[in-house]
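Working notes for the structure below.
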Number of protein chains: 2
Amino acid sequence: MSEQLGVAAGLVRLSFLVQSVYGEACEEHELTPPQAQLLCVLRDAPRGMAELAQTLRLEKSSVTGLVDRAERRGLVRRVASRADRRAVRVELTPAGETLAGTFHQAASQRLSATVAGLTQRDRARLAAIASDVLEAAQVPAVFADESAG
Amino acid sequence: MSEQLGVAAGLVRLSFLVQSVYGEACEEHELTPPQAQLLCVLRDAPRGMAELAQTLRLEKSSVTGLVDRAERRGLVRRVASRADRRAVRVELTPAGETLAGTFHQAASQRLSATVAGLTQRDRARLAAIASDVLEAAQVPAVFADESAG
DNA sequence: TATTGTTATACTCTATAACTATA
DNA sequence: TATAGTTATAGAGTATAACAATA
């Protein structure tokens, strides 16, 4: 039995653990974490480049490169907007949609396994507390929920 | 009031939030997240390169570069081992020690602020549940605890 | 003028493969 | 042979600054 961590250290270490598990799911699907994030965001709906920059917390020029590489791999495509001739909408290709779905499922399973040792009650508490924190922080939904909840 | 997330989505989104807050503390101190992690690990004790690779989950060659850049910035230094002439020990310089300390404090404060909206009881539950998960997962301590608890 | 997006550039981070030196 | 660490190389990711095109 190790000592009880403070909440700050607990959050940091837990987040590194989660990122590590998420990264394993990425490797399994030959995705880098930023690419996986991109696909997961686009699963919800197509986005413009500026919108992606805001959601992913990146500079516009970084999004250009990220989308370039995903497009080169056939996972997303740029579609010209008809309303605004400056703008593009980035959307998943069928291959990207499939990959995004299987990735999301695999990541969810790995994360569930990571907390499988907790009691049912503690898992519910963890989910509830996380929801509270996220709601207060107004975080963009960068990973979809698919719980029965 | 948004819906209650499932535990997998809650963990992923929470971890992105925490990484983002951690990243802000990094920027404030002109550190990249991997550099900050390196300093925080070395705060505990000097380490060999192979040991660092394991703790940070990086290849040895990646650690070489990370330590190179930190050393160039005067934050760490390589000290030849006397027991094993192949080996080096990486340790914090005084400047690195100071920076590591103020970074850790700043990050802790930001994280505490992030969960300040929770009840005292929920914060304690979150810390306890995180401890349980981390203990089960055998995670290396990449961010020190300095709570009273 | 403001916004959308790209290009040019530079640096950090990371892995793989091949290497040196020591154990 | 195995281990500790570095070098060479290549690619992803990121930011800043400057730019083009459209609103």
Side-chain angles (χ1 to χ4, degrees), chain A residues 16 19-20 22-24 26-42 46-91 142, chain B residues 16 19-20 22-24 26-42 46-91 142:
Chain A
F16 280 121
Q19 293 292 319
S20 163
Y22 186 90
E24 285 168 13
C26 288
E27 280 180 29
E28 186 189 354
H29 294 83
E30 289 179 297
L31 287 170
T32 63
Q35 279 170 7
Q37 258 186 282
L38 173 65
L39 297 194
C40 285
V41 166
L42 292 177
R47 313 282 173 118
M49 299 297 282
E51 210 178 342
L52 282 175
Q54 189 176 23
T55 304
L56 301 174
R57 304 175 192 250
L58 297 172
E59 289 303 314
K60 288 182 304 177
S61 62
S62 303
V63 177
T64 295
L66 189 58
V67 170
D68 281 350
R69 291 183 291 272
E71 195 166 32
R72 216 179 296 143
R73 289 187 52 184
L75 301 176
V76 308
R77 84 186 129 217
R78 286 171 167 93
V79 179
S81 164
R82 287 214 297 176
D84 184 338
R85 281 163 47 194
R86 297 169 301 180
V88 301
R89 285 157 62 83
V90 184
E91 61 181 32
V142 106
Chain B
F16 280 121
Q19 293 293 316
S20 163
Y22 186 90
E24 286 168 15
C26 288
E27 279 179 30
E28 185 188 354
H29 295 83
E30 291 179 295
L31 287 170
T32 63
Q35 278 168 8
Q37 258 186 282
L38 173 64
L39 297 194
C40 286
V41 165
L42 292 177
R47 312 282 173 119
M49 299 296 282
E51 209 177 344
L52 283 175
Q54 188 176 24
T55 304
L56 301 174
R57 303 174 192 251
L58 297 173
E59 289 302 314
K60 288 182 305 176
S61 63
S62 303
V63 176
T64 296
L66 189 59
V67 170
D68 281 349
R69 292 183 292 272
E71 194 165 34
R72 217 180 295 143
R73 290 187 52 184
L75 302 175
V76 307
R77 88 187 126 215
R78 286 173 167 93
V79 179
S81 163
R82 287 213 298 177
D84 183 338
R85 280 162 49 193
R86 296 170 301 179
V88 301
R89 284 157 62 84
V90 184
E91 61 180 32
V142 106

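Proteins come first, then strands; the chains are lettered A, B, ... in the order of their sequence lines, and each starts at number 1.
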Polar pair under 3.5 Å, donor/acceptor by atom type, side chain [X], base [N]:
{"X": "Arg86(B)", "N": "dT22(C)", "value": "yes"}
{"X": "Ser81(A)", "N": "dT4(C)", "value": "no"}
{"X": "Ser61(A)", "N": "dT16(D)", "value": "yes"}
{"X": "Arg69(B)", "N": "dT12(C)", "value": "no"}

Using whole Å, report how far [atom1] of [X] lies from [atom2] of [N].
{"X": "Glu71(B)", "N": "dG5(D)", "atom1": "CD", "atom2": "P", "value": "13 Å"}
{"X": "Met49(B)", "N": "dT3(D)", "atom1": "CE", "atom2": "P", "value": "18 Å"}
{"X": "Leu66(B)", "N": "dA15(C)", "atom1": "CG", "atom2": "P", "value": "11 Å"}
{"X": "Lys60(A)", "N": "dA17(D)", "atom1": "NZ", "atom2": "C1'", "value": "11 Å"}
{"X": "Leu58(B)", "N": "dA4(D)", "atom1": "CG", "atom2": "P", "value": "16 Å"}
{"X": "Arg47(A)", "N": "dG5(C)", "atom1": "CZ", "atom2": "C1'", "value": "18 Å"}
{"X": "Glu51(B)", "N": "dA4(D)", "atom1": "CD", "atom2": "P", "value": "10 Å"}
{"X": "Gln37(A)", "N": "dG13(D)", "atom1": "CD", "atom2": "P", "value": "11 Å"}

Closer to the 5' end of DNA chain C via nearest nucleotide, is it Asp68(A) or Asp84(A)?
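By nearest-heavy-atom nucleotide position, the 5'-most residue is Asp84(A).
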Taking for each residue the nucleotide of DNA chain C with the nearest heavy atom, is it Ala87(A) or Glu59(B) whose nucleotide lies nearer the 5' end?
Ala87(A)
Is there a side-chain contact between Leu66(A) and Leu56(A) (heavy atoms, below 4.5 Å)?
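Of all side-chain heavy-atom pairs linking Leu56(A) with Leu66(A), at least one is under 4.5 Å.
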Are Leu31(A) and Leu75(A) packed together at the side-chain level, in the sense that at least one heavy-atom pair is separated by less than 4.5 angstrom?
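Yes, their side chains come closer than 4.5 Å.
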Taking all heavy atoms of [X] and all of [Y], pick out the closest pair and write down the distance.
{"X": "Ala70(A)", "Y": "Leu38(A)", "result": "CB-CD2, 3.9 Å"}
{"X": "Gln35(B)", "Y": "Glu30(B)", "result": "OE1-O, 4.4 Å"}
{"X": "Tyr22(B)", "Y": "Gln37(B)", "result": "OH-N, 3.6 Å"}

Would you classify [X] as touching base, sugar-phosphate or nothing, given that sugar-phosphate means primed atoms plus P, OP1 and OP2, and contacts are heavy atoms under 4.0 Å?
{"X": "Val63(B)", "value": "nothing"}
{"X": "Arg89(A)", "value": "nothing"}
{"X": "Arg73(B)", "value": "nothing"}

Considering heavy-atom distances to DNA chain D, does Ala83(A) or Pro33(A) have its closest nucleotide positioned more toward the 5' end?
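Between the two, 5'-proximity favours Pro33(A).
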Does a side-chain N or O from Thr64(A) land closer than 4.0 Å to OP1 or OP2 of dG5(C), or not?
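For Thr64(A), the contact criterion (side-chain N or O under 4.0 Å from OP1 or OP2 of dG5(C)) is not met.
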Contact under 4.0 Å: Arg78(B) side-chain N or O vs dG5(D) OP1/OP2
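The answer is no; no side-chain N or O of Arg78(B) sits under 4.0 Å from OP1 or OP2.
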Among Arg77(A), Arg47(A), Arg78(A), find the residue that satisfies the salt bridge (Lys or Arg N to Asp or Glu O under 4.0 Å) test when tested with Glu91(A).
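Going through Arg77(A), Arg47(A), Arg78(A) one by one, the salt bridge (Lys or Arg N to Asp or Glu O under 4.0 Å) with Glu91(A) is satisfied by Arg77(A) alone.
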Return the nearest nucleotide to the side chain of Gln35(A); candidates are dA12(D), dG5(C), dA4(D).
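The listed nucleotide nearest to Gln35(A)'s side chain is dA12(D).
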